[in-house]
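Note that the structure is predicted; figures quoted are calculated from it, not measured. Quick note on labels: first sequence line is chain A, next is B, and so on, each numbered from 1.
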Amino acid sequence: MATAAAGEELAVTAELSQLRHWEQEQDTLKKRMVERDQHNEWTLESLKRVGGVDISFIKGDNINACATLVVLSYPDLQVLHEESMMVQLTAPYIPGFLAFREVDHLVTLVRRLEASRPDLMPQLIMVDGNGKLHYRGFGLACHLGVLLDLPTVGIGKNILVVDNLDKESFHAKERAELQHRGDWIPVVGASQTVWGAAVRCVEAAINPVYVSVGHRVSLDTAIKLALATAKHKIPEAVRMADQLSRLFLRKRAGTQ
DNA sequence: GCGACAG
DNA sequence: ATCTTGTCGC
């Protein structure tokens, strides 16, 4: 009993020190994050390839998953390439620390593509998950962008409450102001910091998507990219990555 | 103690 | 994240 309690206490202490370590890692990498259009050889007029990444899971299995990178042509949004692989997720999902669960696998996918088909490398990657819209201003999209030193944009399906944002009044503001495709409102917290934007990408979807800066793009460019690549509620690169990773799991289930 | 909680 | 097809409407 006493030893079990002591073991429990040790485990809790270890978890807390892990989280502190991860926070330090985020703060360190954040210094390399660039929140504006910089060193990009493309503009919205000359952009050719947009990447999208996502990881899908097997029901009831929190470890085995499929990570997918898809490359779409721009502006016609055709699938140029798919890179999918089964991965094992070791770190648990902890809000605010999603990157430590997923980012290494996403980096691997991009490195693989870079090695096999450098001609198909995306000029920008859209991530299923937030960028700056994060408790410490450094979500998965920022993390991936900094590690790769590639432009990234974060796309969230749910608002993450940061900086004492009032969720209810924000949703009320969305309903009032996001009347049509292309409408957007900034996500501004109590400190007046702009963390991202709620963007209505298509007429058919009443609910917006939460766009935030990842790395080497401005919020303005990130919003324009989301709008320019959305055929549905979710911008196509992220939507395709999600769809193809799920398809990969279904095919695999049918085989094995 | 209560609420919040990307994927 | 995941459980899930068709259906109603523009």
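Contact check on A/Arg20 versus A/Glu23 returns no salt bridge, with no Lys/Arg side-chain nitrogen under 4.0 Å from an Asp/Glu carboxylate oxygen. At a threshold of 4.0 Å, the pair A/Glu83-A/Arg112 counts as salt-bridged, since one of the basic side-chain nitrogens sits closer than that to a carboxylate oxygen. Using a 4.0 Å cut-off between a side-chain N of Lys or Arg and a carboxylate O of Asp or Glu, A/Asp149 and A/Arg216 qualify as a salt bridge.
If you take CZ of A/Phe97 and P of B/dA4, they are 20 Å apart, rounded to a whole angstrom. Rounded to an integer number of Å, the gap from CZ of A/Arg250 to C1' of C/dT4 is 11 Å. Distance CG (A/Leu106) to P (B/dG7): 14 Å, rounded to an integer number of Å. Rounded to whole Å, the distance from NE2 on A/His105 to C1' on C/dA1 is 15 Å. Residue A/Asp242 contributes atom CG, which lies 16 Å from atom P of B/dA6 at whole-angstrom precision. Between A/Ile234 atom CD1 and B/dG7 atom C1' the separation is 13 Å, expressed in whole Å. One interatomic measurement links the two molecules: CZ of A/Arg246 to C1' of C/dA1, which rounds to 8 Å at whole-angstrom precision. Distance CZ (A/Phe170) to C1' (B/dA6): 15 Å, rounded to an integer number of Å.
Proximity of A/Val188 to A/Thr193: side-chain heavy atoms (C-beta onward) are nowhere separated by under 4.5 Å. Looking only at side-chain heavy atoms (C-beta outward), A/Thr221 and A/Thr43 stay at 4.5 Å or farther from each other. Between A/Leu98 and A/Glu102, some side-chain heavy-atom pair lies under the 4.5 Å cut-off.
Near DNA chain B, meaning a heavy atom under 4.0 Å away, the residues from residues 131-158 of chain A are A/His134, A/Tyr135, A/Gly139, A/Leu140, A/Gly156, A/Lys157, A/Asn158. Applying a 4.0 Å cut-off to non-hydrogen atoms, the residues of residues 53-62 of chain A that approach DNA chain C are A/Ser56, A/Phe57, A/Lys59, listed by residue number.
Side chain of A/His215 to backbone of A/Thr152: no donor-acceptor contact under 3.5 angstrom is found. At distances below 3.5 Å, not a single donor-acceptor pair connects side-chain atoms of A/Arg200 with backbone N or O atoms of A/Pro208.
Dashed line: the shortest gap from a side-chain N or O of A/Lys167 to OP1 or OP2 of B/dC5 is under 4.0 Å. For A/Arg101 and B/dA6, the shortest distance from a side-chain N or O to OP1 or OP2 is not below 4.0 Å.
Remark: DNA chain B takes part in no stem of 3 or more antiparallel Watson-Crick or G-U pairs, criterion distances under 3.5 Å.
In this structure, the separation between NE2 on A/His81 and CE on A/Met121 is 11.0 Å, given to the nearest 0.5 Å.
The side chain of A/Val161 has B/dA4 as its nearest neighbour among B/dG7, B/dA4, B/dA6.
In this structure A/His143 satisfies the ring pair (Phe, Tyr, Trp, His ring centres under 6.0 Å) test together with A/Phe100, A/Phe138, sequence neighbours excluded. The side chain to side chain contact (heavy atoms under 4.5 Å, CB included) test applied to A/Leu124 returns A/Trp42, A/Val50, A/Met126, A/Pro151, A/Val153, A/Val217, A/Leu225, not counting sequence neighbours.
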Solution key, residues 51-66 of chain A side-chain donor-acceptor pairs under 3.5 Å, sequence neighbours excluded:
{"unit_1": "A/Ser56", "atom_1": "OG", "unit_2": "A/Ser245", "atom_2": "OG", "d": "2.7"}
{"unit_1": "A/Asp61", "atom_1": "OD1", "unit_2": "A/Ile63", "atom_2": "N", "d": "2.8"}
{"unit_1": "A/Asp61", "atom_1": "OD1", "unit_2": "A/Asn64", "atom_2": "N", "d": "3.0"}

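For the pair A/Tyr93 and B/dG7, the ring geometry qualifies as stacking, because the centroid separation is below 5.5 Å while the planes lie within an angle under 30°.
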